[in-house]
Amino acid sequence: MFNQNQVMTSKQPRAHSLKFDGHRQQGAALLESLIAILLFSMGILALVGLQGAMVKNTSDAKYRAEATFIAQQRLGLIWVGTSLADYIEADTDISTMLPNGTRTVEVSPERVVTVTVSWQLPGEAEHSYSANARIEGI
């Protein structure tokens, strides 16, 4: 036999499921807002990271320029000096000009002067700059 419960569970669509239900759309605006905030936050974090990298690169360039100046200044003093032997030095402390900075001046038998400036920032590898000049007439 056929009972009344079987008729209700048939595969016919229900009338209320065909209508637009506004209650199912209530969280969509909130979800879209949260996704927009997430994307905006990621963009801001990327900009902060870029600014940090720029500051680091700027300070590295400053230290390289300072090391170049120190080496060229020493070569200039040697050019106007009277004796090459007066300027030979090994690991002279120049920490006031560069962080953990040292300067070394070497003279080869061919009268080539090599000035090496080294520095190291905390937590980073050591950097160095070398300048060479052949000094005649002293």
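The model shown is predicted, which means the values in this text are computed figures rather than measured ones.
Under the 4.5 Å side-chain heavy-atom criterion for Ile, Leu, Val, Met, Phe, Trp and Tyr, L77 and V115 are members of the same hydrophobic cluster. Y87 and W79 fall within the same hydrophobic cluster, where Ile, Leu, Val, Met, Phe, Trp and Tyr residues are linked whenever their side-chain heavy atoms come under 4.5 Å apart, directly or through other members. M97 and F69 fall into different hydrophobic clusters, where Ile, Leu, Val, Met, Phe, Trp and Tyr residues are linked whenever their side-chain heavy atoms come under 4.5 Å apart, directly or through other members. At a threshold of 4.5 Å between side-chain heavy atoms, the hydrophobic network of Ile, Leu, Val, Met, Phe, Trp and Tyr places V105 and L84 in one connected group.
Side chain of S108 to backbone of V112: a donor-acceptor contact under 3.5 angstrom is found.
The shortest side-chain heavy-atom distance between M54 and L50 falls under the 4.5 Å cut-off.
Summarising the geometry, atom CG belonging to D91 is positioned 7.5 Å from atom OG belonging to S118; distances are rounded to the nearest 0.5 Å. Note that the CG atom of N57 and the OG atom of S59 stand 7.5 Å from one another [nearest 0.5 Å]. Note that CD of E89 and CZ of R74 are 4.5 Å apart. Values are rounded to the nearest 0.5 Å. For the atom pair OG1 (T102) and CD1 (I70), the distance works out to 10.0 Å, reported to the nearest 0.5 Å. For the atom pair CG (D86) and CD1 (I78), the distance works out to 10.0 Å, reported to the nearest 0.5 Å. One finds the CG atom of L39 at 12.0 Å from the CD1 atom of I44 (value rounded to the nearest 0.5 Å).
A salt bridge is defined here as a Lys NZ or Arg NE, NH1 or NH2 lying under 4.0 Å from an Asp or Glu carboxylate O, and E110 with R134 fails to meet this definition.
Among all heavy-atom pairs drawn from R111 and V107, the shortest one is CA-CG1, 4.3 Å. Closest heavy-atom contact between G101 and D93: O-OD1, 3.3 Å. When all heavy atoms are compared, the tightest approach of V117 to I94 is CG1-CD1, 3.7 Å.
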**OP:** Run the numbers on D60 and K56 for salt bridge (charged side-chain N to carboxylate O under 4.0 Å, His left out), then give the verdict.
**Re:** CA-CA 6 Å; D60 287 347; K56 182 188 177 307; 3.0 Å; yes
In a table with atom names and distances, give each donor-acceptor pair under 3.5 Å that connects a side chain of residues 119-133 to protein atoms at least two apart or in another chain.
residue : atom : partner : partner atom : Å
Q120    : NE2  : E124    : O            : 2.9
S130    : OG   : T116    : OG1          : 3.2
N132    : OD1  : T114    : OG1          : 2.9

